[in-house]
S.K.: 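Sharing a structure here in structure tokens format.
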Amino acid sequence: MIPSLGLLTSILTGLVTKLGINQLEKHGYMPQSTYVTKALKALEKDDLDEAIRNYRLAVAKKRSTHHTELAHEIISQAIALRIAKLQARIDQLAETLHPPVLSLRYWRNLLPRHRSTLEVLREEAVGCQEAIAVLAHLQNQLELDN
Amino acid sequence: MSKLIKTTAAGGVGFLAGLLLEQGLESLTGLDFVDGLFAVSGSVLAALSVNRELVKAASRNIEQMFGKDPLEISESEWRQFKEVNPKTAQWLEKALKI
């Protein structure tokens with residue numbers, strides 16, 4: 001049972017077309033709106049890396065347009081909002097971790113039974129700081145492409 | 001085997017014809033034909049969804065910024081949003097005819 005030559009040719013043509021389109025897409029040759037839409041869809045899924053990657057592809061081969069400028073502002077604002085939220089959490093944690101000396105919380109924090117809870121909060125604060133650093137890096141990447 | 005040769009030959013002729021046509025159109029109009037073709041077909045297909053996606057993304061940002069539905073934000077909150085996102089706000093005003 002050898003498949004006919006016609007079938008093989010069709011399969012080959014289909015594969016070549018698919019590979020060709022993939023390559024065009026990968027290198028930013030598809031229409032700009034395609035990448036902008038993809039970037040915004042990635043943003044909806046909270047995938048900032050993918051959103052920025054698609055935005056960069058949108059402006060890689062073509063001039064920036066009104067749509068790309070809007071996408072840039074929206075992605076940038078989404079990153080800024082995440083940073084603000086994390087910063088708010090860090091401030092909240094700092095209030096618990098570093099209360100004023102004259103407060104009751106300060107002395108309560110010195111009790112050994114609170115040590116493990118405070119350690120968890122400290123780790124969370126470090127995690128937030130790291131996340132902010134990553135987001136700031138992403139924002140820098142985005143600004144470089146603008 | 002002859003079919004494969006025929007297909008390859010037809011492909012080659014088609015490619016050459018396309019190339020000649022493209023070069024001819026480019027020299028006549030001064031436009032990059034492939035880019036133009038992509039731009040037209042792409043913009044027709046993708047522009048249909050890109051505006052919707054932009055509105056959705058912008059409203060998500062408003063929601064995250066103020067913690068409420070974009071329809072429920074006050075005048076001052078809208079001004080605040082406009083200050084931070086001038087292009088998006090202007091575009092939303094135009095698109096939604098506010």
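Residue numbers begin at 1 in each chain, while the letters A, B, ... track the order of the sequences.
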S.K.: Checking A:L81 against chain B: side chain, backbone, both or neither under 4.5 Å from a heavy atom?
M.R.: side chain
S.K.: Looking at B:E72, I want to see if its CD is surrounded by more than 12 non-hydrogen atoms of other residues, nucleotides or ligands under 6.0 Å.
M.R.: yes
S.K.: Would the distance check show the side chain of B:E53 and the main-chain N or O of A:L40 forming a donor-acceptor pair, the cut-off being under 3.5 Å?
M.R.: no
S.K.: Looking at every heavy atom in both B:A57 and A:I74, which two are closest together, and how far apart are they?
M.R.: CB-CG2, 3.6 Å
S.K.: Can you tell me if CG on A:L111 sees more than 12 non-hydrogen neighbours from other groups inside 6.0 Å?
M.R.: yes
S.K.: Count the heavy atoms of every other residue, nucleotide or ligand shown that sit under 6.0 Å from NZ of A:K85, and state whether that count exceeds 12.
M.R.: no
S.K.: Could you pull out the closest heavy-atom pair between B:L54 and A:A71, with the gap in Å?
M.R.: CD2-N, 4.1 Å
S.K.: How far does CD of A:Q77 sit from CG of B:N85, to the nearest 0.5 angstrom?
M.R.: 4.0 Å
S.K.: For A:H137, look at atom NE2 and say whether over 12 heavy atoms of other residues, nucleotides or ligands are found less than 6.0 Å away.
M.R.: no
S.K.: Quick one: are A:H72 and B:K87 in side-chain contact, heavy atoms under 4.5 Å?
M.R.: no
S.K.: Distance check, rounded to the nearest 0.5 Å: A:E73 atom CD versus B:Q90 atom CD?
M.R.: 9.5 Å
S.K.: Test of understanding: clusters of I, L, V, M, F, W, Y form through side-chain heavy atoms closer than 4.5 Å, transitively. Do A:V134 and A:I79 belong to the same one?
M.R.: no
S.K.: What do you reckon, is CD of A:Q23 surrounded by more than 12 foreign heavy atoms closer than 6.0 Å?
M.R.: yes
S.K.: Nearest 0.5 Å please: distance from the CZ atom of B:R60 over to the CG atom of A:D46.
M.R.: 9.0 Å
